[in-house]
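Structure first, then comments.
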Amino acid sequence: MAGDYVETSLPNTAFYASKPGPSTKPKGVLAQGVVLKVLTPEGNFIQVQAMTGEVGYVSNAAVVPQGMLTANVPLAPGAPPVVEPESPEDEPAPDPEIPGIQPPDEAPDVSPPDDTPAPEPEIPGIQE
């Protein structure tokens, strides 16, 4: 609602100068934990005002009510300024690393079965 305070929940939240359309490029990105004042909810976006006074739009999916983050980020005003987004062509993304996951062990050496036929199963209570 207008007048509420929210904070960015993503590390690179797109910040738009005007309400975004299909070809609108963001003005910059906001770090996780940036406190914003809600001015006007507008569909999937929210018009907000940063603590620096800058007004713009963010996706309502990229913010949570102030104080909801469990990350160790400051909640007080004085949020970092809007920064220019980095071009995705600058650096390739690093390979993902999952701590604790090791490559699989080699499969054990298994000998093929011998040619002896399996015995007939015995079923209790059935006689021939």
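By convention here, the first residue in the shown sequence is residue 1. Bear in mind that the values here come from a model prediction, so they are computed numbers and not experimental data.
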Compare every heavy atom of Pro26 with every heavy atom of Ala14, then report the nearest pair and how far apart it is.
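Closest approach of Ala14 to Pro26: CB-CB, 4.0 Å.
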By side-chain contact (heavy atoms from CB on, under 4.5 Å), which residues pair with Thr24, not counting sequence neighbours?
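If we apply the side-chain contact (heavy atoms from CB on, under 4.5 Å) test to Thr24, skipping adjacent residues, the hits are Tyr16, Pro20.
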Residues that Thr13 engages under side-chain contact (heavy atoms from CB on, under 4.5 Å), provided they are two or more places apart:
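Listed in chain order: Thr8, Leu10, Leu30, Val58, Ala62.
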Could you check whether any side-chain heavy atom of Val35 comes within less than 4.5 Å of a side-chain heavy atom of Gln66, counting everything from C-beta outward?
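Val35 vs Gln66: side chains touch.
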Is the closest side-chain heavy-atom distance between Gln32 and Glu7 below 4.5 Å?
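Answer no - side chains too far apart.
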Ignoring hydrogens and angles, write down the donor-acceptor pairs under 3.5 Å from the side chains of residues 36-46, residues two or more places apart or on other chains.
from  : atom 1 : to    : atom 2 : distance (Å)
Thr40 : OG1    : Gln47 : OE1    : 3.4
Glu42 : OE2    : Tyr57 : OH     : 3.4

